[in-house]
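Take a look at the structure set out below.
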Amino acid sequence: MIIDSKLPNVGTTIFTVMSTLAAEYEAVNLGQGFPDFPMNEELAGLVRDAVSQHYNQYAPMPGWMPLREAIAEKIAFLYGAGVNPDTEITITPGGTYAIYSALTTILQPGDEVIVFEPAYDSYIPNIEANGAKAVTVNLVFPDYHINWEAVKNAITPKTKAIIINSPHNPTGSVISQKDIIELRKITEGTNIFIISDEVYEHLIFDDIQHQSILRYPDLLQRSFVCFSFGKTYSCTGWKMGYCVAPTPLMKEFRKVHQFNCFSCHTPSQVGLANFLHNKDAYLSLSAFMQQKRDYFVQLMEQTRFSMQHSSGSYFICGTYERISDESDKDLAIRLTKEVGVATIPVSAFYQNAKDDKVLRFCFAKKKETLEAAVEKLVKI
Ligand code: GLN
């Protein structure tokens with residue numbers, strides 16, 4: 001049988017490639033973004049309780065109502081937004097699925113979506129699987145800020161949406177209030193949707209305020225805002241997240257969602273609903289992870305990598321002009337096989353594999369893991 005591929009230019013995601021290689025060579029894995037420390041024990045216990053209490057059948061299609069109510073309360077507390085849990089929040093199996101569903105909800109063949117590169121690697125395949133086209137705008141190297149003039153020039157009558165992502169994967173850059181003003185100027189009076197990937201909302205450093213789209217009612221009217229419990233509670237393997245969108249947009253989103261996964265893992269939703277009132281669990285995360293960033297940066301000073309700045313996310317990028325002039329991909333493979341540390345080459349986040357010779361390191365790791373990695377990295 002021959003398949004006329006929907007994604008002819010796509011191979012296996014770089015995260016799987018590097019994690020597989022890391023496992024094969026028993027390398028310290030600073031590649032794929034996941035914590036290697038235990039998640040919150042209380043939350044894990046609440047999910048175990050939910051299983052024991054027989055919450056093991058389908059949850060309602062849009063999500064377990066007490067969880068949606070708890071999310072609405074949290075959104076009001078954090079961002080001052082009044083979101084209706086009945087019609088404007090849907091629980092999804094992870095942030096990536098929320099983004100894919102939002103794109104599938106709005107895209108028609110031939111539509112264009114503006115994507116900033118480096119871009120999280122699912123966005124463009126998600127767009128193309130829907131018969132639409134990604135129009136890429138490069139974030140400006142080396143601090144990866146948005147060039148709004150370039151965004152303006154990329155807009156055409158076919159532009160259906162802009163995807164924004166702050167804190168940004170892979171670079172750790174964040175959008176500012178100034179960016180929000182530009183985004184407003186560019187979208188005002190148009191039919192352009194915003195898909196806002198905010199999975200790292202609670203991983204933002206140096207007391208920077210997260211510029212959630214939920215703070216801006218006028219922008220929220222045209223937005224699908226996507227979140228991840230996995231990132232917030234250090235349980236990426238749970239694949240739990242949610243999407244927030246105004247009622248008419250969410251109505252269409254649910255038409256897609258109901259015939260895809262239909263509803264999410266019930267015990268996790270029950271456990272999360274009982275845990276979300278614990279503000280400290282998410283408010284303390286930034287400081288906890290900032291310490292890891294700072295410790296990793298300090299350790300990396302012993303190496304010949306030049307670390308860039310990370311204002312948020314699990315990640316920090318580094319250049320290696322003092323080490324080699326190989327491509328980032330070749331170096332990432334060689335580091336894994338010969339040095340024993342896996343990273344992600346940032347060229348994997350560009351459609352044309354633009355290589356600024358940058359590697360992405362995940363610092364959401366135990367102290368010992370970061371130390372073990374740097375002990376190896378000092379050798380090159
Ligand atoms: N978000 C994670 C990262 O950026 C990986 C998720 C995945 O492997 N699909 O590394």
Side-chain angles (χ1 to χ4, degrees), residues 29 32-60 62-79 81 83 85 89-98 167 198-205 207 210 212 214 225-244 261 263-295 312-314 362-370:
N29 192 354
Q32 192 179 27
F34 62 89
D36 71 343
F37 44 83
M39 66 169 295
N40 183 292
E41 194 39 51
E42 186 190 339
L43 173 55
L46 288 168
V47 176
R48 278 195 294 271
D49 291 349
V51 173
S52 312
Q53 290 157 11
H54 310 295
Y55 287 103
N56 297 310
Q57 307 310 324
Y58 294 124
W64 179 247
M65 195 51 173
L67 177 56
R68 286 186 278 148
E69 284 166 352
I71 291 169
E73 270 174 42
K74 180 185 171 194
I75 288 172
F77 166 69
L78 282 176
Y79 304 123
V83 168
I89 299 173
T90 298
I91 309 300
T92 62
T96 307
Y97 172 103
E198 302 189 14
V199 300
Y200 298 104
E201 64 173 330
H202 294 301
L203 292 153
I204 184 159
F205 313 135
D207 292 322
H210 171 52
S212 176
L214 299 177
V225 193
C226 304
F227 297 94
S228 160
F229 289 117
K231 306 298 184 305
T232 300
Y233 295 125
S234 307
C235 52
T236 59
W238 283 18
K239 293 302 298 177
M240 291 291 292
Y242 57 98
C243 181
V244 180
C261 90
S263 72
C264 296
H265 189 249
T266 306
S268 299
Q269 295 191 67
V270 174
L272 283 162
N274 291 330
F275 190 67
L276 239 64
H277 65 269
N278 182 343
K279 294 191 174 71
D280 190 52
Y282 56 81
L283 292 179
S284 61
L285 188 61
S286 281
F288 172 76
M289 208 62 83
Q290 180 175 328
Q291 243 173 21
K292 292 197 178 291
R293 177 202 64 177
D294 292 346
Y295 187 56
S313 81
Y314 282 160
C362 173
F363 54 78
K365 303 290 175 190
K366 290 186 285 218
K367 210 165 162 251
E368 310 85 84
T369 307
L370 298 175

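All residue numbers in this chain count up from 1 along the given sequence.
- Judged by distance alone, with hydrogens and angles left aside, the side-chain atoms of Ser234 form no donor-acceptor pair with the main-chain N or O of Gly230 at under 3.5 Å.
- With rounding to the nearest 0.5 Å, the separation of CG in Leu272 from NE2 in His265 is 10.5 Å.
- Counting only distance, with no hydrogens or angles, the side chain of Ser286 and the backbone of Ile204 share a donor-acceptor pair below 3.5 Å.
- Between Phe363 and Tyr314, the distance from one ring center to the other does not fall under 6.0 angstrom.
- Within the 3.5 Å criterion, the main-chain N or O of Gln57 finds a donor-acceptor partner in the side chain of Thr266.
- One finds the CG atom of Asn40 at 8.5 Å from the CG atom of Leu46 (value rounded to the nearest 0.5 Å).
- The two residues His202 and Leu78 make their nearest non-hydrogen contact at CE1-CD1, 3.5 Å.
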Decide yes or no on side chain to side chain contact (heavy atoms under 4.5 Å, CB included) for Val270 and Val47, but give the supporting numbers first.
CA-CA 7 Å; Val270 174; Val47 176; over 6 Å; no
Run the ring pair (Phe, Tyr, Trp, His ring centres under 6.0 Å) check on Tyr97 and Tyr242 step by step: do they pass?
CA-CA 9 Å; Tyr97 172 103; Tyr242 57 98; over 10 Å; no
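- Going from atom CZ of Arg293 over to atom CG of Leu370 covers 13.5 Å, rounded to the nearest 0.5 Å.
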Checking Val199 against Phe227 for the side chain to side chain contact (heavy atoms under 4.5 Å, CB included) test, could you report, in this order, the C-alpha distance in whole Å, the side-chain angles of both residues, the deciding distance, and whether it holds?
CA-CA 4 Å; Val199 300; Phe227 297 94; 5.7 Å; no
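- More than 12 heavy atoms of other shown residues, nucleotides or ligands fall within 6.0 angstrom of atom CD in Glu368.
- To the nearest 0.5 Å, the span separating OG on Ser228 from CD on Glu201 amounts to 9.0 Å.
- Atoms CG and CZ, on Leu43 and Phe275 in that order, are 5.0 Å from each other to the nearest 0.5 Å.
- In this structure, the ring of Tyr233 has its center no less than 6.0 angstrom from the ring center of Trp238.
- Contact record, Ala44 with Met39: N-CE, 4.1 Å, taken as the closest heavy-atom pair.
- More than 12 heavy atoms of other shown residues, nucleotides or ligands fall within 6.0 angstrom of atom CD in Gln53.
- Contact check on Glu69 versus Lys74 returns no salt bridge, with no Lys/Arg side-chain nitrogen under 4.0 Å from an Asp/Glu carboxylate oxygen.
- Side-chain atoms of Gln269 come within 3.5 Å of backbone N or O of Trp64 as a donor-acceptor pair.
- A perpendicular orientation is assigned to the rings of His210 and Tyr79, their planes being inclined by more than 60° (bins at 30° and 60°).
- Shortest non-hydrogen contact noted between Ala273 and Ala70 is O-CB, 4.2 Å.
- Taking the six-membered ring for Trp and the full ring otherwise, Tyr282 and Phe229 have centroids separated by 6.0 Å or more.
- In this structure, Lys279 is positioned above the aromatic face of Phe77, its NZ or CZ under 6.0 Å from the six-membered ring centre and within 45° of the axis.
- Ile91 approaches Ile71 most closely through the heavy-atom pair CD1-CD1, 3.6 Å.
- Atom NZ of residue Lys292 and atom SG of residue Cys362 lie 10.0 Å apart, to the nearest 0.5 angstrom.
- The shortest non-hydrogen separation linking Pro93 to Cys264 is N-SG, 3.3 Å.
- Looking at every heavy atom in both residues, Cys226 comes nearest to Gly95 through CB-O, 4.3 Å.
- Both tests pass for Lys365 against the ring of Phe34: distance under 6.0 Å to the centre and angle within 45° of the axis.
- Lys231 places no side-chain N or O within donor-acceptor distance of the main-chain N or O of Thr236, the cut-off being under 3.5 Å.
- In this structure, the side chain of Ser284 engages the main chain of Asp280 through a donor-acceptor pair within 3.5 Å.
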